[in-house]
Amino acid sequence: MTEPLPPQYEPKSVEAPLYQWWRDHRRFGPRGRGEPYVIMMPPPNVTAQLHMGHGLNLSIQDVMIRFERMRGRDAVWVPGTDHAGIATQNVVEKLLAKEGLTRFDVGRPAFEERVRGYVAETGTTILEQIRSLGASCDWDRTYYTFSDDLSRAVREVFVSLFDQGLIYRGKYIINWCPRCLTALSNEEAEKEETDGKIWRLRYPLDDGSGEVVVATTRPETMLGDTGVAVHPDDDRYRDLIGRAVRLPLVGRLIPIVADSAVDPAFGTGAVKLTPAHDPLDFEIAKRHGLEAIDVMTPDARISDAAPERFRGLDRFEARKRVVAELEAGGLLVGVDAHRHAVGHCYRCDTVVEPRYSDQWFVKMAPLAAPALDAYRNGTLTFVPERRGVEYAQWLEGIRDWCISRQIWWGHRIPVWYCDDSACGAMTASRTDLDRCPACGGAARQDEDVLDTWFSSQLVPFSSLGWPDATGDLARYYPGHALVTAPEILFFWVARMIMAGLEFRAAVPFTTIYLHGTVRDTQHRKMSKSLGNGIDPLDVVDRYGADALRFTVIGGLAVGTDVILDPADLDTSFASGRNFANKLWNMGRFILSNLDGPVRPLAGNFANVVGRDELALGDRWIIARCDAAVREATEAFEKLRLNDAANAVYRFLWNDLADWYLEAIKPRLYGDVPGGDVARAVVVQTFDVALRLLHPVMPFITETLWKRLPGRPDDATIMVAPWPRPDHRATDQAAVDEFGALQDIIGAIRSIRAEYNVQPGQSIRATLSRCGPNVIAALRQQQPTIERLAKLSGLIVTEADPAGAPTGASAVLTDGTSLTVPLGDLIDVAKECTRLGQEIARLHAAIGNQEKKLGNEQFVSRAPAEVVEKEREKLASWRDQATVLEGKRALLGCPP
RNA sequence: GGGCGAAUAGCUCAGCUGGUUCAGAGCGCCUGCCUUACACGCAGGAUGUCGGGGGUUCGAAUCCCUCUUCGCCCACCA
């Protein structure tokens, strides 16, 4: 690794050897050292390749991990799991396509084996992809839905909850996806505001003496009506309670019941009851002993329970047909537009059908209570904070969790039923059964599988060897942070917390960092189906992992979305790409100028090189570097990763590269003495900056850092100590003096540009009215000023600029007067205008300031400090204006 | 319908506890430079009634109210 750096920054040639080296050395970080710091790895999508969301997620996590490791903690990733939701569905569909199968070709156990194999295969690839982003995960196994550990844990948990009576089975209205042919949890049925209609239907009384008008948004369900409900206090219907109506189209006689769940103000105040297809109807019907008639097949066609002419019709077809027939029969009173929330399947977006069905549930209230406490007592920290409110609200209103699914992959429910109907025992078991434990007869396992999140919620401990409580579990549980997208706050995060509290008596992590979504310029979520995605590996290929990481981290305020333009990668990733290149070239420049002796600095910036040997620029860059250490450290600690990244960026580019490196060139080249000190300082500050930046840009920083002098071959920045602030570096005088120098150089450069002075053309400048205390300092910096402002000569004088030659001029904030004689380049009229504008600007500011200070209220009420500062400002501006007016007079400008 | 955010340069966004980094950054734009680390660069520059209106305050991009517009979460009013 000691060959000279290639002149061109080539991401691949930087990343490939390091990646290999990290892997060979298994040196991503310490193991078993210090206090552990654990980040839960969210589900990597094993279906094909990472998407930009993963790129973002992995970058954030890796920054946190690397930061902690450098601070001496044993930071690890706990492998997450691929869940059987959208991701595994994709896996399965790919597998089916690959093997030319249809979903019904395969028996469950055999099929699970194949899924398992495929996942293991692609999982390895995904690991490689994850690492190519620079992610320092040092685990080498995949942990997926069908791993044996997880299967064991699932049974353990299921049986435990079952034995406590927290899992039960029953017939309830659940959300049903007619396309996936399975039950869904409430969370999986995504509500979407939809413009629909509400129909008012006429139901005649059985004796023809009148009618009830009911309102419905799903008229087709009337085929399954078994009653009509009204509010008991509703005067309009009081007399009808207990009577019966003749259900149109079907002819069934159904009762009118009174129930306070009915809102008399909504619709017509009368609700048709379809207990098999609506949760509220179901509740009401249960209270009144009404039958539930399921009029739909699993794929949402009208079933045999309905009159023959409707059978087999799709639900939406049936809706039209029912409405048409009612209208024809004069039974349609009216129809209104109605906006309401309709559930959609989160996997396939099909409209969910509420369906009466026999399913398994988890009783959530007892599990939710401790999880809510953990938030309220401050154990859990959400970043950003407001997500905690969502978390709490969800837990407060939590409903029982439907965990059974009728899909053809997943963990089977570990319950066995006795074949003998006389026995009828139902047994939950950790091991497979073939006989009924009660009567010894044949037993068969429940056909349904568990909601994927039932297993996913166990990952924080199941992946650490649970139920074995020693080893990794003892060391790494409870963990610390989870970084994920807010979409799965309820699906996954909340449930992991509940499961952790229930089975390990501790929350699995205390910090929950919820990052934003990656979107395109139209603010649409990036997705494969829309084709607006950015493949992070493509970005890595073009610009490098460091550029990708810097772009997303630097442009990411906590909890906000990241907007990237898939059509213009060059622009989207420009900040990271440019910075990577800049850093590379800074490294090349510094490393190629270390030929002379480099004296080490002890500690961060201390004094093997004596303080009196340091030049102003040295003291300044050391102070700036120390400030960057403080800023970056604080920002990382607060998880304000963008602030941290940008703080280091500013230090490296705006301070180190733009000013310090330029300032020390003569010393480095040996034109002036002090090269060894300059080398010591530049190595030291660059080293510190590389370490600060390493969490964000691991590859370039490692590559450059390893080549700094005095590094053993196997040294790695990954475990280099995190820079600490050093009070000895603080040097306000140097910051002020160097700042003045920057102002002077800036003013001269402005004049050069203003008058189009060609770079080759040498000019002179005069600084006058310098205070006696700064004049010595300025004279010392004269060569630096001349160099950076491209002057052929600089006169520094205490005198007033009286009699100064004609030239362009400016005044600095401390009242120093700058004059640049330009000979025939000068345009007196232009200069007069320029000065006039500047003076006008100052007068305006002076006017405002006088008004402000003339305000008795301000002077008496504002803190003395503030008032004093404002006075100083005013004095300085007046002084500047006076100087400029003098210059104007000298030029003979018209007043 | 309930809860919560956001609106700042052409674009994407910082601006944390009201007052010296208060109007900023990156990209884009304009002018001049291939200055031997870097043209993915250097130097200089332009651009904003900080969404509208009101209030609190000596002082508001920042705090309060209100309106407008977007967004997120939740919700069995059929």
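Computed from a predicted model, the values in this text were never measured in an experiment.
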So what stems show up for RNA chain B if we need 3 or more Watson-Crick or G-U pairs in a row, all under 3.5 Å?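 Correct response: B:1-7 with B:68-74, B:10-13 with B:24-27, B:29-33 with B:41-45, B:51-55 with B:63-67.
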Does the structure place the NZ or CZ of [X] under 6.0 Å from the centre of the six-membered ring of [Y], at an angle of no more than 45° from the ring's axis?
{"X": "A:K830", "Y": "A:Y755", "answer": "yes"}
{"X": "A:R218", "Y": "A:W199", "answer": "no"}
{"X": "A:K665", "Y": "A:Y660", "answer": "no"}

Centroid separation A:F550 to A:F573 less than 6.0 Å: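 No, the ring of A:F550 stays outside the 6.0 Å limit from the ring of A:F573, centre to centre.
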Do the ring centers of A:Y356 and A:Y172 come within less than 6.0 Å of each other?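 Between A:Y172 and A:Y356, which both carry aromatic rings, the centre distance is not below 6.0 Å.
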Think A:Y755 has a side-chain N or O under 4.0 angstrom from the OP1 or OP2 of B:U31?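 Checking A:Y755 against B:U31: no side-chain N or O falls below 4.0 Å of OP1 or OP2.
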Spacing between [X] atom [atom1] and [N] atom [atom2], to the nearest angstrom:
{"X": "A:F589", "N": "B:A37", "atom1": "CZ", "atom2": "P", "value": "6 Å"}
{"X": "A:I745", "N": "B:C42", "atom1": "CD1", "atom2": "C1'", "value": "14 Å"}
{"X": "A:N581", "N": "B:C42", "atom1": "CG", "atom2": "P", "value": "10 Å"}
{"X": "A:I748", "N": "B:A43", "atom1": "CD1", "atom2": "P", "value": "15 Å"}
{"X": "A:L639", "N": "B:C16", "atom1": "CG", "atom2": "P", "value": "18 Å"}

Give me, pair by pair, the N or O atoms of the protein and of nucleotides 12-15 of chain B that are less than 3.5 Å apart, along with how far apart they are.
| from | atom 1 | to | atom 2 | distance (Å) |
| --- | --- | --- | --- | --- |
| B:G15 | OP1 | A:R640 | NH2 | 2.6 |

Reckon [X] touches a base, only the sugar-phosphate, or nothing at all at heavy-atom distances under 4.0 Å?
{"X": "A:R577", "value": "base"}
{"X": "A:E662", "value": "base"}
{"X": "A:R752", "value": "nothing"}
{"X": "A:K665", "value": "base"}

Enumerate the residue pairs fulfilling side-chain hydrogen bond (donor to acceptor under 3.5 Å, both in side chains) with a member in residues 579-591 of chain A, sequence neighbours excluded, ordered by first and then second residue.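 Residue pairs with at least one partner in residues 579-591 of chain A: A:N581-A:N585, A:N585-A:R588.
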Return a table of donor-acceptor pairs under 3.5 angstrom between the side chains of residues 644-652 of chain A and protein atoms on other chains or two or more places apart.
| from | atom 1 | to | atom 2 | distance (Å) |
| --- | --- | --- | --- | --- |
| A:N646 | ND2 | A:G554 | O | 3.3 |
| A:N646 | ND2 | A:N642 | O | 2.9 |
| A:R650 | NH2 | A:E631 | OE2 | 3.1 |

Taking donor-acceptor contacts at under 3.5 Å, does the side chain of A:K582 reach the base of B:C40?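 Side chain to base: no pair below 3.5 Å.
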By side chain to side chain contact (heavy atoms under 4.5 Å, CB included), which residues pair with A:E786, not counting sequence neighbours?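 By the side chain to side chain contact (heavy atoms under 4.5 Å, CB included) rule, A:E786 matches A:Q782, A:L791, A:L794.
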Which residues share a side chain to side chain contact (heavy atoms under 4.5 Å, CB included) with A:T571, sequence neighbours left out: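 For A:T571 the side chain to side chain contact (heavy atoms under 4.5 Å, CB included) partners, ignoring immediate neighbours, are A:D568.
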By nearest atom, which of the nucleotides B:C72, B:C33, B:A43 is closest to the A:P759 side chain?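 The nucleotide sitting nearest to the side chain is B:C33.
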Atom pairs under 3.5 Å: protein N/O with N/O of nucleotides 18-27 of chain B:
| from | atom 1 | to | atom 2 | distance (Å) |
| --- | --- | --- | --- | --- |
| B:C27 | OP1 | A:N578 | ND2 | 3.3 |

Qualifying salt bridge (Lys or Arg N to Asp or Glu O under 4.0 Å) pairs with a residue from residues 741-763 of chain A, counting only residues at least two apart or across chains: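 The answer is none; no pair qualifies.
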Heavy-atom closest contact ([X] atom, [Y] atom, distance):
{"X": "A:V383", "Y": "A:L639", "answer": "CG2-CD1, 4.0 Å"}
{"X": "A:A635", "Y": "A:D643", "answer": "CB-CB, 3.8 Å"}
{"X": "A:T517", "Y": "A:E487", "answer": "OG1-OE1, 3.9 Å"}
{"X": "A:L708", "Y": "A:L591", "answer": "CD2-CD2, 3.9 Å"}

Both A:Y669 and A:Q857 contact RNA chain B. Which one's nearest nucleotide lies toward the 5' end?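 Looking at the nearest nucleotide for each, A:Y669 comes out on the 5' side.
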Kindly write out the residues that satisfy side-chain hydrogen bond (donor to acceptor under 3.5 Å, both in side chains) with A:S876, not counting sequence neighbours, or none if the list is empty.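 Per chain and number, A:S876 pairs via side-chain hydrogen bond (donor to acceptor under 3.5 Å, both in side chains) with A:Q880.
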A:N186: partners by side-chain hydrogen bond (donor to acceptor under 3.5 Å, both in side chains), with sequence neighbours left out: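 Result, side-chain hydrogen bond (donor to acceptor under 3.5 Å, both in side chains) vs A:N186: A:N175.
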Protein N or O to nucleotides 74-78 of chain B N or O, pairs below 3.5 Å:
| from | atom 1 | to | atom 2 | distance (Å) |
| --- | --- | --- | --- | --- |
| B:A75 | OP1 | A:R399 | NH2 | 3.3 |
| B:A75 | N6 | A:E193 | OE2 | 3.3 |
| B:A75 | N1 | A:E193 | OE2 | 3.2 |
| B:C76 | OP1 | A:R399 | NH1 | 2.7 |
| B:C76 | OP1 | A:R399 | NH2 | 3.2 |
| B:C77 | O2 | A:D263 | OD2 | 2.5 |
| B:C77 | N3 | A:D263 | OD2 | 2.9 |
| B:A78 | OP2 | A:H338 | NE2 | 3.4 |
| B:A78 | O2' | A:A215 | O | 3.1 |
| B:A78 | N6 | A:D263 | O | 2.6 |
| B:A78 | N6 | A:F266 | O | 3.1 |
| B:A78 | N1 | A:D263 | N | 3.2 |

Nucleotide N/O of nucleotides 45-49 of chain B paired with protein N/O under 3.5 Å:
| from | atom 1 | to | atom 2 | distance (Å) |
| --- | --- | --- | --- | --- |
| B:G45 | OP1 | A:S750 | OG | 3.2 |

Please give the distance between the C1' atoms of B:C16 and B:U62 as a whole number of Å.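 Those two atoms are separated by 10 Å.
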Side chains of A:T274 and A:D225: donor-acceptor distance under 3.5 Å anywhere?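 On atom types as modelled, these side chains qualify, holding a pair under 3.5 Å.
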